[in-house]
Every structure is written in C-alpha cells, then in structure tokens.
Undergrad: 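Submitted below is the structure of interest, expressed as structure tokens.
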Amino acid sequence: MGPHPAVAAIRLAVRRVLHDVLTDNSTDPTAQPLVLVACSGGADSMALASALAFEAPKLGIRAGAVTVDHGLQPGSDLRAAEVVVRMTALGLAPVESLAVTVGREGGPEAAARDARYAALDEAAQRLGAAAVLLGHTRDDQAETVLLGLARGSGIRSLSGMAGTSGVAGRYRRPFLQVDRQTARKACMVQSLPVWDDPHNADPAYTRSRLRHEGLPALEKALGKGVVEALARTAQLSRDDADALDSWAVQADSTVRDDTGLLECAKLFALPPAVRRRILRRAAIEAGSPAGSLFARHIEEIDRLITGWRGQKAINLPGRVVAQRQGGRLVIRQG
C-alpha cells in the first residue's frame, strides 16, 4: 500500500524540483549538492521539509533546513529553536536558526520579507546550497495575483511568484501547483506538529485579510475553482510577460541611432507594451532604482513620445532625468 494521496502529491512535487537541481549541477557528477528548506514550522513548510527529507537521500542530495526568527513576537526564539528540533528529527542537516531584525521600510509585510530573504541569501551562500526550497502553495499564488490586480501594476504583477527565482535560480517553489489543504493533510497523516503563525490571522496584514475574508467571499460568489483559476492566470501572465520582455530586448537595438540614443519615431511605431518595457530598462540603466520606478513614471516618459507637446524634462527616482531633444529621447543622470 502506497503513501496517502496528499503525501504522494507533496513528494512528487519535491522530486521534480530535485531532479531540476541535479540537472543544473550536473557539471560535477561526484558532488552531492546541498538543498535547504526554509521552514517556519507552519503546515506548508513542514510538509515541504518532510518531503525533502524523504526524497533527497534517494537522489544523492544532502538536505538541510533553515528557520528565520523575525523577533516580532514574544517567545519567537523559542519557536525557532523548536523548529530546529523538528527539522533535526526529520534527519535534515545542517539545520540553523537565523535571527533577523525587521526594519520599517515598505510596511510590516515587506520589511519582514526583505529581512527573511537577506538571511536566507546569506545562509545559502555560506553553506554552499545549490537551492533553497520555499513552501508557497497554489493558495499563496492566488493571493499574490489578487494583490497584484489590486495594485493595477500590469501583467508582470499578475504573474505571481516564479517557480524558480533569485540569484542563479536559488529559490525553488515546488508547491505552486499544490493547494494549502493538501499540505496540511500531509502533515496530519504523517503526525507532524504544525504551528499556526498568529500573523496569518491578523487583520492588520493585507494578505491575512485577503486570505480570511477576500478569497472566501470570491469563492462564495464564483465557486470553488477560483484559487485554481487565479494560479492558472499567474502562469499565463508569466508566459506573456516573458515573451514581451524578450521582444523588448530584441527591439531595443532597432530603435537607437548610431550614437545609441533612442529615436522617438521608431519607438512610436512599437506596440505600447514593448515600448514601455524599453523605456523602463533605459531608466534603470541610467540609474533609476527598479523598486522605485512605478507605472506612472513610465507613462510620463511614454507621453514624450506619444503625446509630445513640448513638455519639460521629467524627473525620475534616482536623480534620473528624461527629456526629448530633436527627435531623440535622452534618459540620463541629472
């Protein structure tokens, strides 16, 4: 008799990712790559840790774990120590607890995320990990798509989280096609203890409100397939965004003059989605920070091409200036 369907599902998802890790590290067949799981002690990451512990040894992969102590709640250090004990009991090694200081920039959720990824990056580099597995599920993906939709910031924000991201594809998300209920069920049938983070139910957090109020309301109105449909939207949007990014890279060299300046007439002839991507890349290359460059900034630059009325130079984040000069678009440090 095989494993419970929920356990089989999480193991298959992890096995696929581990095969990818092996392929990516195939230059040295004697090396045993180290794969880490980032575990909070919640159901999603506990399920992921259990699947990694089961699958990795069969493929000759070393499996370790890290847990991040954000220090945002009393006793968070004890909670992190408990997760270390659980990970060690699963047979994972090395296992580390990483204490971080969460700043205030960008709101509580963004600040915690920034601190967490900085700690995971440091640990992965120091331990020489080939990959870090993250427990984001299909439900998390659906929430990310809805948050992107609410921001109104274009198709890239609707593409949700990538299956692979970070420096050299460091971060892998095996569970993006696995729903949260399956992960929880896998923990239950394996008798794995699970910790529910109170932040996940705190209405002060946007994602928490979406999880407990927004998505249930959508499911009530539209039916149970909403989460699956949103996750599918993410994948379709990612494919479209990737294609447009690729088109913009190819088109970039065709809209410049002999000196490398952007020609407004040639930019005008491009589809808006491609043109705006070229403008965004040009602004970033000139020194504008990507995280501070919003759709409204790109729209202002775009109007220098599509709605030219003799406008003055446009100031962009990072002391970058965009202006039209004699049929050319000049974007440079001011």
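Numbering of residues begins at 1 and proceeds along the displayed sequence. All values derive from a computational prediction rather than experimental measurement.
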Undergrad: How far does CG of Leu215 sit from CZ of Arg207, to the nearest 0.5 angstrom?
TA: 10.0 Å
Undergrad: Given Asp252 and Arg281, is the side-chain contact (heavy atoms from CB on, under 4.5 Å) satisfied, shown in steps?
TA: CA-CA 9 Å; Asp252 191 280; Arg281 284 182 70 227; 3.7 Å; yes
Undergrad: Hey, can you pull the donor-acceptor pairs under 3.5 Å for the side chains in residues 288-301, sequence neighbours left out?
TA:
{"unit_1": "Ser288", "atom_1": "OG", "unit_2": "Pro317", "atom_2": "O", "d": "2.6"}
{"unit_1": "His297", "atom_1": "ND1", "unit_2": "Phe294", "atom_2": "N", "d": "2.9"}

Undergrad: For the OG atom of Ser157 and the CG atom of Leu147, what is their distance to the nearest 0.5 Å?
TA: 9.5 Å
Undergrad: What pair of heavy atoms forms the shortest contact from Ala47 to Ala183, and how long is it?
TA: CB-O, 3.6 Å
Undergrad: Could you walk me through whether Val227 and Asp179 satisfy the side-chain contact (heavy atoms from CB on, under 4.5 Å) test, starting with their C-alpha distance in whole Å, then the side-chain angles of each, then the deciding distance to 0.1 Å, before giving a yes or no?
TA: CA-CA 9 Å; Val227 166; Asp179 61 46; 5.7 Å; no
Undergrad: Looking at Arg156 and Asp245, is there a salt bridge between them, counting it only when a charged N and a carboxylate O are closer than 4.0 Å?
TA: yes
Undergrad: Do the side chains of Glu263 and Arg256 get close enough for a salt bridge, i.e. N-O under 4.0 angstrom?
TA: no
Undergrad: Could you walk me through whether Leu218 and Leu146 satisfy the side-chain contact (heavy atoms from CB on, under 4.5 Å) test, starting with their C-alpha distance in whole Å, then the side-chain angles of each, then the deciding distance to 0.1 Å, before giving a yes or no?
TA: CA-CA 11 Å; Leu218 276 177; Leu146 284 174; 3.7 Å; yes
Undergrad: Considering only NZ, NE, NH1 and NH2 on the basic side and carboxylate oxygens on the acidic side, decide whether Arg280 and Asp302 come within less than 4.0 Å.
TA: no
Undergrad: Flag the pair Arg180 and Asp140 as a salt bridge only when some basic side-chain nitrogen lies within less than 4.0 angstrom of an acidic carboxylate oxygen.
TA: yes
Undergrad: For residues Met46 and Gly41, report the shortest heavy-atom separation together with the two atoms involved.
TA: CG-O, 3.4 Å
Undergrad: Answer yes if the side chains of Thr67 and Ser97 hold a donor-acceptor pair under 3.5 Å, and no otherwise.
TA: no
Undergrad: Ignoring hydrogens and angles, state whether a donor on the side chain of Gln235 or Asp239 is under 3.5 Å from an acceptor on the partner side chain.
TA: yes
Undergrad: Hydrophobic clusters here meaning ILVMFWY residues chained together by side-chain heavy-atom distances under 4.5 Å, can you tell me if Trp308 and Leu262 are in one?
TA: yes
Undergrad: Between Ser45 and Val37, what is the shortest heavy-atom contact and its length?
TA: O-CG2, 4.3 Å
Undergrad: Is a side-chain donor or acceptor of Arg16 paired with a backbone partner of Leu12 at a separation under 3.5 angstrom?
TA: no
Undergrad: Check whether any side-chain heavy atom of Ile61 sits under 4.5 Å from a side-chain heavy atom of Gln32, and report yes or no.
TA: no
Undergrad: Does a donor on one side chain sit under 3.5 Å from an acceptor on the other, for Arg332 and Gln323?
TA: yes
Undergrad: What distance do Arg116 atom CZ and Leu134 atom CG have between them, rounded to the nearest 0.5 Å?
TA: 9.0 Å
Undergrad: Please identify each residue that fulfils side-chain hydrogen bond (donor to acceptor under 3.5 Å, both in side chains) with Asp139, with sequence neighbours left out.
TA: none
Undergrad: Arg170 vs Thr164, test: side-chain hydrogen bond (donor to acceptor under 3.5 Å, both in side chains). Steps then yes/no.
TA: CA-CA 7 Å; Arg170 171 178 289 155; Thr164 301; over 6 Å; no
Undergrad: May I ask you to decide if Val84's main-chain N or O and Thr88's side chain share a donor-acceptor pair within less than 3.5 Å?
TA: yes
Undergrad: Do you know the tightest heavy-atom contact between Leu304 and Lys312?
TA: CD2-O, 4.3 Å
Undergrad: Is there a donor-acceptor pair under 3.5 Å between the side chain of Arg319 and the backbone N or O of Gln333?
TA: no
Undergrad: Can you tell me if Asp69 and Ser76 form a side-chain donor-acceptor pair at under 3.5 Å?
TA: yes
Undergrad: Any luck finding a side-chain donor-acceptor pair between Arg79 and Ser40 under 3.5 Å?
TA: no
Undergrad: Please enumerate all residues that pass side chain to side chain contact (heavy atoms under 4.5 Å, CB included) together with Ala9, with sequence neighbours excluded.
TA: Thr182
Undergrad: Give the intermediate values and the outcome of salt bridge (Lys or Arg N to Asp or Glu O under 4.0 Å) for residues Arg11 and Glu55.
TA: CA-CA 7 Å; Arg11 287 177 179 174; Glu55 294 291 341; 5.1 Å; no
Undergrad: Gln311 side chain to Arg309 main-chain N or O, any donor-acceptor pair under 3.5 Å?
TA: yes
Undergrad: Using only atom types and a distance under 3.5 Å, with no angle test, would you say the side chain of Arg173 pairs donor to acceptor with the backbone of Ala162?
TA: yes
Undergrad: Applying ring-ring contact (aromatic ring centres under 6.0 Å, His included) as the test, list every pair that has at least one member in residues 156-179; sequence neighbours left out.
TA: Tyr117-Tyr171
Undergrad: Applying side-chain contact (heavy atoms from CB on, under 4.5 Å), run through Leu133 and Val35 and close with a yes or a no.
TA: CA-CA 7 Å; Leu133 305 189; Val35 172; 3.7 Å; yes
Undergrad: Assigning hydrophobic clusters by single linkage (Ile, Leu, Val, Met, Phe, Trp, Tyr; side-chain heavy-atom cutoff under 4.5 Å), is Ile10 placed with Leu176?
TA: no
Undergrad: Examine distances only and state if a side-chain atom of Gln177 and a backbone atom of Arg138 form a donor-acceptor pair shorter than 3.5 Å.
TA: no
Undergrad: Distance from Leu92 atom CG to Leu36 atom CG, nearest 0.5 Å?
TA: 9.5 Å
Undergrad: Output all residues satisfying side chain to side chain contact (heavy atoms under 4.5 Å, CB included) with Asp20, sequence neighbours left out; order by chain, then residue number.
TA: Arg172
Undergrad: Identify the heavy atoms of Thr137 and Val178 that sit nearest to each other, and give their distance.
TA: CB-O, 3.3 Å
Undergrad: To the nearest 0.5 Å, how far apart are CD1 in Ile331 and CD in Glu285?
TA: 9.5 Å
Undergrad: With Asp240, which residues qualify under side chain to side chain contact (heavy atoms under 4.5 Å, CB included), at least two apart?
TA: Ile155
Undergrad: Taking Glu122 for the side chain and Ala118 for the main chain, is one N or O donor matched with an acceptor at less than 3.5 Å?
TA: no
Undergrad: To the nearest 0.5 Å, what is the distance between CG on Leu230 and OG on Ser237?
TA: 10.0 Å
Undergrad: What are the two closest non-hydrogen atoms of Arg238 and Gly160, and how far apart are they?
TA: NH2-O, 2.7 Å
